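Below is one structure, written out as C-alpha coordinates, with a few remarks after it.
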Amino acid sequence: MPELPEVETTRRGIAPYVVGRRVTGVLLRRPNLRWPIPPEITALLPGQRIDAVERRAKYLLLHTEAGSALLHLGMTGVLRVLPPDAPVGRHDHVDIALERTSTQAPRILRFTDPRRFGCLLWQPPGTIHERLARLGPEPLTDAFDGDLLWRRSRGRTAAVKLFLMDNAIVVGVGNIYASEALFRAGVDPRKPAGSISRARYARLAAEVKHLLAWAIERGGTTLRDFLAPDGAPGYFFRELMVYGRTGEPCRVCGTPIRQVTLGQRSTFWCPRCQR
DNA sequence: AGCAGTACCTGGTTGC
DNA sequence: TGCAACCAGGTACTGC
(Lines give C-alpha, C1' and ligand atoms only; values in the text may rest on other atoms or scores of the structure.)
Protein backbone atom coordinates (compact mmCIF):
# COMPACT_ATOMS: atom_id res chain seq x y z
CA MET A 1 0.00 0.00 0.00
CA PRO A 2 1.87 3.02 -1.22
CA GLU A 3 1.75 5.85 1.24
CA LEU A 4 3.39 9.16 0.47
CA PRO A 5 6.90 7.95 1.43
CA GLU A 6 6.65 5.05 -0.97
CA VAL A 7 5.45 7.27 -3.77
CA GLU A 8 8.39 9.57 -3.13
CA THR A 9 10.70 6.57 -3.04
CA THR A 10 9.26 5.44 -6.35
CA ARG A 11 9.85 8.90 -7.80
CA ARG A 12 13.47 8.84 -6.75
CA GLY A 13 13.86 5.30 -7.98
CA ILE A 14 12.56 5.85 -11.50
CA ALA A 15 13.93 9.36 -12.04
CA PRO A 16 17.45 8.29 -13.13
CA TYR A 17 15.93 6.00 -15.74
CA VAL A 18 13.30 8.29 -17.19
CA VAL A 19 14.40 11.93 -16.89
CA GLY A 20 15.88 13.24 -20.11
CA ARG A 21 14.78 10.16 -21.98
CA ARG A 22 12.36 9.98 -24.87
CA VAL A 23 9.18 7.89 -24.90
CA THR A 24 9.03 5.53 -27.85
CA GLY A 25 5.61 4.05 -27.24
CA VAL A 26 2.70 3.63 -24.86
CA LEU A 27 0.86 0.35 -24.44
CA LEU A 28 -2.47 0.35 -22.62
CA ARG A 29 -3.56 -3.19 -21.89
CA ARG A 30 -6.88 -2.07 -20.46
CA PRO A 31 -8.81 1.12 -21.12
CA ASN A 32 -9.47 2.00 -17.52
CA LEU A 33 -8.04 1.80 -14.05
CA ARG A 34 -9.85 3.77 -11.35
CA TRP A 35 -11.00 6.04 -14.16
CA PRO A 36 -10.85 5.77 -17.94
CA ILE A 37 -7.33 6.36 -19.27
CA PRO A 38 -7.47 9.33 -21.67
CA PRO A 39 -6.86 7.77 -25.08
CA GLU A 40 -4.87 10.80 -26.28
CA ILE A 41 -2.00 9.62 -24.13
CA THR A 42 -1.08 7.00 -26.70
CA ALA A 43 -0.96 9.68 -29.39
CA LEU A 44 0.68 12.53 -27.48
CA LEU A 45 3.28 10.85 -25.28
CA PRO A 46 5.33 8.89 -27.84
CA GLY A 47 8.18 10.99 -29.21
CA GLN A 48 8.19 13.24 -26.15
CA ARG A 49 11.17 13.66 -23.87
CA ILE A 50 10.45 13.36 -20.14
CA ASP A 51 11.83 16.57 -18.65
CA ALA A 52 11.11 15.87 -14.99
CA VAL A 53 9.35 13.51 -12.58
CA GLU A 54 7.46 15.33 -9.89
CA ARG A 55 5.40 14.14 -6.96
CA ARG A 56 2.28 16.01 -5.87
CA ALA A 57 0.41 14.36 -3.00
CA LYS A 58 0.42 10.71 -3.99
CA TYR A 59 0.49 11.47 -7.71
CA LEU A 60 3.58 11.10 -9.87
CA LEU A 61 3.79 13.50 -12.81
CA LEU A 62 5.87 12.76 -15.89
CA HIS A 63 6.37 16.19 -17.46
CA THR A 64 6.87 16.63 -21.20
CA GLU A 65 6.41 19.52 -23.63
CA ALA A 66 3.20 17.99 -24.89
CA GLY A 67 1.71 17.62 -21.41
CA SER A 68 2.09 15.58 -18.26
CA ALA A 69 1.14 12.02 -17.45
CA LEU A 70 -0.33 11.72 -13.94
CA LEU A 71 0.03 8.37 -12.24
CA HIS A 72 -1.62 7.43 -8.97
CA LEU A 73 -0.61 4.10 -7.45
CA GLY A 74 -3.83 3.67 -5.49
CA MET A 75 -3.42 0.99 -2.86
CA THR A 76 -1.62 -1.73 -4.72
CA GLY A 77 0.04 0.08 -7.62
CA VAL A 78 3.71 -0.48 -8.46
CA LEU A 79 5.82 1.37 -11.01
CA ARG A 80 8.96 -0.39 -12.17
CA VAL A 81 11.68 0.09 -14.75
CA LEU A 82 12.15 -3.19 -16.63
CA PRO A 83 13.76 -4.64 -19.73
CA PRO A 84 11.40 -4.50 -22.73
CA ASP A 85 11.08 -8.29 -22.84
CA ALA A 86 10.01 -8.67 -19.20
CA PRO A 87 7.22 -11.24 -18.96
CA VAL A 88 3.78 -9.69 -18.73
CA GLY A 89 1.69 -10.46 -15.67
CA ARG A 90 -2.04 -10.40 -15.23
CA HIS A 91 -2.09 -6.97 -13.60
CA ASP A 92 0.46 -5.19 -15.78
CA HIS A 93 -1.84 -2.52 -17.18
CA VAL A 94 0.42 0.08 -18.80
CA ASP A 95 3.88 0.07 -20.39
CA ILE A 96 5.67 3.29 -21.30
CA ALA A 97 8.61 2.39 -23.54
CA LEU A 98 11.80 4.43 -23.20
CA GLU A 99 14.41 4.94 -25.91
CA ARG A 100 17.87 3.46 -25.92
CA THR A 101 20.50 6.08 -25.05
CA SER A 102 24.26 6.11 -25.31
CA THR A 103 24.48 4.90 -21.73
CA GLN A 104 21.24 2.98 -21.18
CA ALA A 105 19.57 0.01 -22.82
CA PRO A 106 15.94 0.30 -23.89
CA ARG A 107 13.58 0.09 -20.94
CA ILE A 108 9.91 0.09 -20.14
CA LEU A 109 8.22 1.89 -17.29
CA ARG A 110 5.55 -0.59 -16.23
CA PHE A 111 2.47 0.17 -14.13
CA THR A 112 1.12 -2.83 -12.24
CA ASP A 113 -1.98 -2.62 -10.04
CA PRO A 114 -3.97 -5.71 -9.00
CA ARG A 115 -6.76 -3.80 -7.31
CA ARG A 116 -6.91 -1.07 -9.91
CA PHE A 117 -7.46 1.79 -7.46
CA GLY A 118 -4.70 3.62 -9.27
CA CYS A 119 -5.11 5.82 -12.31
CA LEU A 120 -3.34 7.30 -15.32
CA LEU A 121 -4.49 10.76 -16.33
CA TRP A 122 -3.35 13.46 -18.72
CA GLN A 123 -2.67 17.11 -18.01
CA PRO A 124 -2.26 19.47 -20.97
CA PRO A 125 0.63 21.95 -20.83
CA GLY A 126 0.02 25.01 -18.70
CA THR A 127 -2.98 23.51 -16.93
CA ILE A 128 -3.54 21.94 -13.55
CA HIS A 129 -5.60 18.79 -13.56
CA GLU A 130 -8.89 18.99 -11.73
CA ARG A 131 -7.79 16.19 -9.41
CA LEU A 132 -4.82 18.30 -8.27
CA ALA A 133 -6.51 21.67 -8.22
CA ARG A 134 -8.09 21.57 -4.79
CA LEU A 135 -5.44 19.73 -2.84
CA GLY A 136 -4.03 21.10 0.40
CA PRO A 137 -0.33 21.77 0.96
CA GLU A 138 2.43 19.19 0.92
CA PRO A 139 3.09 17.98 4.48
CA LEU A 140 6.86 18.40 4.19
CA THR A 141 6.75 22.05 3.19
CA ASP A 142 6.52 25.15 5.35
CA ALA A 143 3.00 25.72 4.07
CA PHE A 144 1.92 22.92 6.39
CA ASP A 145 2.16 23.60 10.10
CA GLY A 146 0.19 23.52 13.32
CA ASP A 147 -1.33 26.93 12.75
CA LEU A 148 -2.82 25.77 9.46
CA LEU A 149 -4.41 22.79 11.18
CA TRP A 150 -5.65 24.95 14.00
CA ARG A 151 -7.16 27.63 11.76
CA ARG A 152 -8.83 25.22 9.37
CA SER A 153 -10.27 23.09 12.17
CA ARG A 154 -12.16 25.82 14.03
CA GLY A 155 -15.85 24.96 14.19
CA ARG A 156 -15.37 21.51 12.75
CA THR A 157 -16.96 18.61 14.55
CA ALA A 158 -15.58 15.66 12.57
CA ALA A 159 -13.04 13.44 14.31
CA VAL A 160 -9.53 14.89 14.23
CA LYS A 161 -8.26 11.76 12.49
CA LEU A 162 -10.64 12.29 9.57
CA PHE A 163 -9.73 15.97 9.47
CA LEU A 164 -6.04 15.04 9.25
CA MET A 165 -6.77 12.67 6.37
CA ASP A 166 -8.74 15.30 4.43
CA ASN A 167 -6.78 16.06 1.24
CA ALA A 168 -8.11 19.58 1.16
CA ILE A 169 -6.38 20.26 4.48
CA VAL A 170 -3.08 18.47 3.91
CA VAL A 171 -2.16 15.75 1.41
CA GLY A 172 -0.41 12.47 1.87
CA VAL A 173 -1.49 11.47 5.37
CA GLY A 174 -2.99 8.01 4.88
CA ASN A 175 -4.69 5.73 7.36
CA ILE A 176 -1.53 4.30 8.88
CA TYR A 177 0.28 7.60 9.33
CA ALA A 178 -2.80 9.31 10.71
CA SER A 179 -3.05 6.80 13.56
CA GLU A 180 0.69 6.86 14.18
CA ALA A 181 1.01 10.65 14.18
CA LEU A 182 -1.93 11.06 16.56
CA PHE A 183 -0.33 8.59 18.95
CA ARG A 184 2.95 10.44 18.91
CA ALA A 185 1.18 13.73 19.47
CA GLY A 186 -0.90 12.28 22.33
CA VAL A 187 -4.23 13.12 20.68
CA ASP A 188 -7.33 10.92 20.90
CA PRO A 189 -8.30 10.29 17.25
CA ARG A 190 -12.02 10.48 18.05
CA LYS A 191 -11.97 14.03 19.38
CA PRO A 192 -13.68 16.72 17.32
CA ALA A 193 -11.10 18.54 15.18
CA GLY A 194 -12.37 21.87 16.44
CA SER A 195 -11.69 20.96 20.07
CA ILE A 196 -7.93 20.50 19.72
CA SER A 197 -5.69 23.28 21.01
CA ARG A 198 -3.25 25.29 18.95
CA ALA A 199 -0.30 23.87 20.89
CA ARG A 200 -1.50 20.33 20.33
CA TYR A 201 -1.83 20.94 16.60
CA ALA A 202 1.73 22.27 16.53
CA ARG A 203 2.85 18.99 18.03
CA LEU A 204 0.70 17.00 15.61
CA ALA A 205 2.05 18.78 12.53
CA ALA A 206 5.59 18.22 13.76
CA GLU A 207 4.93 14.51 14.26
CA VAL A 208 3.44 14.17 10.76
CA LYS A 209 6.52 15.79 9.25
CA HIS A 210 8.86 13.70 11.36
CA LEU A 211 7.13 10.42 10.53
CA LEU A 212 6.96 11.07 6.79
CA ALA A 213 10.53 12.29 6.55
CA TRP A 214 11.76 9.34 8.55
CA ALA A 215 9.84 6.88 6.36
CA ILE A 216 11.16 8.46 3.16
CA GLU A 217 14.64 8.06 4.52
CA ARG A 218 13.95 4.44 5.31
CA GLY A 219 12.29 3.99 1.92
CA GLY A 220 15.76 4.23 0.48
CA THR A 221 16.08 0.55 1.18
CA THR A 222 13.31 -0.05 -1.34
CA LEU A 223 15.48 1.61 -3.97
CA ARG A 224 18.05 -1.13 -3.97
CA ASP A 225 15.64 -3.80 -5.12
CA PHE A 226 13.73 -1.45 -7.32
CA LEU A 227 13.98 -3.75 -10.32
CA ALA A 228 12.89 -6.79 -8.34
CA PRO A 229 9.44 -8.17 -9.19
CA ASP A 230 7.99 -7.18 -5.87
CA GLY A 231 9.83 -4.82 -3.58
CA ALA A 232 7.21 -4.87 -0.84
CA PRO A 233 9.39 -3.31 1.82
CA GLY A 234 7.53 -3.75 5.10
CA TYR A 235 10.08 -1.35 6.46
CA PHE A 236 7.84 0.47 8.85
CA PHE A 237 5.69 -2.35 10.13
CA ARG A 238 8.19 -3.37 12.73
CA GLU A 239 8.21 0.13 14.15
CA LEU A 240 4.50 0.89 14.30
CA MET A 241 3.26 2.09 17.68
CA VAL A 242 -0.48 1.50 17.32
CA TYR A 243 -1.52 0.57 13.78
CA GLY A 244 -2.76 -3.02 13.59
CA ARG A 245 -1.89 -3.66 17.26
CA THR A 246 -5.41 -4.03 18.72
CA GLY A 247 -5.23 -5.63 22.18
CA GLU A 248 -1.44 -5.59 22.24
CA PRO A 249 0.28 -3.54 24.96
CA CYS A 250 1.12 0.08 24.22
CA ARG A 251 4.87 0.33 23.64
CA VAL A 252 4.97 3.30 26.02
CA CYS A 253 2.61 2.50 28.89
CA GLY A 254 1.52 -1.11 28.40
CA THR A 255 -2.21 -0.33 28.16
CA PRO A 256 -3.93 -2.51 25.52
CA ILE A 257 -4.26 -0.71 22.18
CA ARG A 258 -7.86 -0.09 21.17
CA GLN A 259 -9.53 -0.04 17.78
CA VAL A 260 -12.50 1.94 16.52
CA THR A 261 -13.94 2.62 13.09
CA LEU A 262 -13.90 6.24 11.93
CA GLY A 263 -15.12 7.07 8.44
CA GLN A 264 -15.23 3.37 7.59
CA ARG A 265 -11.54 3.05 8.41
CA SER A 266 -9.85 1.15 11.21
CA THR A 267 -8.32 3.49 13.73
CA PHE A 268 -5.95 2.49 16.51
CA TRP A 269 -5.04 4.36 19.67
CA CYS A 270 -3.81 4.05 23.22
CA PRO A 271 -6.53 5.20 25.65
CA ARG A 272 -3.94 6.24 28.21
CA CYS A 273 -1.36 8.04 26.06
CA GLN A 274 -3.93 9.78 23.88
CA ARG A 275 -6.45 12.13 25.44
C1' DA B 1 -20.43 24.01 3.88
C1' DG B 2 -19.51 20.06 6.46
C1' DC B 3 -20.18 15.51 7.31
C1' DA B 4 -21.65 10.51 7.06
C1' DG B 5 -22.32 6.91 4.13
C1' DT B 6 -21.28 4.33 -0.09
C1' DA B 7 -18.85 2.64 -4.14
C1' DC B 8 -14.94 1.17 -6.63
C1' DC B 9 -11.64 -3.51 -6.84
C1' DT B 10 -9.46 -8.00 -5.87
C1' DG B 11 -5.97 -10.84 -3.16
C1' DG B 12 -5.66 -12.62 1.19
C1' DT B 13 -7.71 -14.27 5.37
C1' DT B 14 -11.31 -16.14 8.14
C1' DG B 15 -15.31 -18.95 9.05
C1' DC B 16 -18.43 -22.53 8.16
C1' DT C 1 -11.37 -29.11 0.96
C1' DG C 2 -14.41 -25.61 -1.04
C1' DC C 3 -16.79 -21.74 -1.02
C1' DA C 4 -18.73 -17.53 0.83
C1' DA C 5 -18.11 -13.55 3.55
C1' DC C 6 -15.29 -10.11 4.88
C1' DC C 7 -11.38 -6.93 5.05
C1' DA C 8 -7.92 -3.53 3.39
C1' DG C 9 -7.89 1.47 1.86
C1' DG C 10 -7.48 6.52 -1.38
C1' DT C 11 -10.61 8.96 -3.51
C1' DA C 12 -14.92 10.77 -5.31
C1' DC C 13 -19.62 10.88 -5.23
C1' DT C 14 -24.38 11.34 -3.07
C1' DG C 15 -27.60 13.07 0.04
C1' DC C 16 -28.74 15.19 4.28
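Quantities reported herein were computed from a predicted structural model and do not represent experimental measurements. Note on naming: letters A, B, ... go to the chains in the order of the sequence lines (proteins, then strands), and numbering restarts at 1 for each one.
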Checklist outcome for this item: Residues in residues 127-135 of chain A with a heavy atom under 4.0 Å of DNA chain C, by number, are A:Arg131
Next on the checklist: For a quick check of understanding: with a heavy-atom distance under 4.0 Å over all strands, which category does A:Asn167 fall into, base, sugar-phosphate or nothing?
Outcome noted: sugar-phosphate
Item to check | Relative orientation of the end axes in the helix from B:dG2-C:dC16 to B:dC16-C:dG2, expressed as an angle to the nearest 10° (five pairs per end) | outcome: 50°
Please identify each residue that fulfils ring pair (Phe, Tyr, Trp, His ring centres under 6.0 Å) with [X], with sequence neighbours left out.
X	value
A:Tyr201	none
A:Tyr59	A:His72
A:His93	none

Next on the checklist: Once side-chain hydrogen bond (donor to acceptor under 3.5 Å, both in side chains) is applied, what residue pairs with a partner in residues 253-265 of chain A remain, sequence neighbours excluded?
Outcome noted: A:Thr246-A:Gln259, A:Gln259-A:Ser266
Item to check | Pairs touching residues 187-196 of chain A that satisfy side-chain hydrogen bond (donor to acceptor under 3.5 Å, both in side chains), sequence neighbours left out | outcome: A:Asp188-A:Arg190
Checklist outcome for this item: Joining Ile, Leu, Val, Met, Phe, Trp and Tyr whenever any side-chain heavy atoms lie under 4.5 Å apart, the cluster holding A:Met165 also takes in none
Checklist entry - Which other residues belong to the hydrophobic cluster containing A:Trp269, where Ile, Leu, Val, Met, Phe, Trp and Tyr are joined when side-chain heavy atoms lie under 4.5 Å apart, directly or via other members? => result A:Leu162, A:Val260, A:Leu262
Next on the checklist: We want to know whether A:Thr112 and A:His91 form a side-chain donor-acceptor pair, criterion being a heavy-atom distance below 3.5 angstrom.
Outcome noted: no
Sub-3.5 Å pairs of nitrogen or oxygen atoms, protein against nucleotides 3-7 of chain B:
{"from": "B:dC3", "atom 1": "OP1", "to": "A:Thr157", "atom 2": "N", "distance (Å)": "2.4"}
{"from": "B:dC3", "atom 1": "OP1", "to": "A:Thr157", "atom 2": "OG1", "distance (Å)": "3.2"}
{"from": "B:dC3", "atom 1": "OP1", "to": "A:Ala158", "atom 2": "N", "distance (Å)": "3.1"}
{"from": "B:dC3", "atom 1": "OP2", "to": "A:Arg156", "atom 2": "NE", "distance (Å)": "2.8"}
{"from": "B:dC3", "atom 1": "OP2", "to": "A:Arg156", "atom 2": "NH2", "distance (Å)": "3.1"}

Checklist outcome for this item: Applied to residues 22-49 of chain A, the ring-ring contact (aromatic ring centres under 6.0 Å, His included) test, sequence neighbours excluded, yields none
Checklist outcome for this item: A:Ala97 meets the side-chain contact (heavy atoms from CB on, under 4.5 Å) criterion, sequence neighbours left out, with A:Thr24, A:Ile108
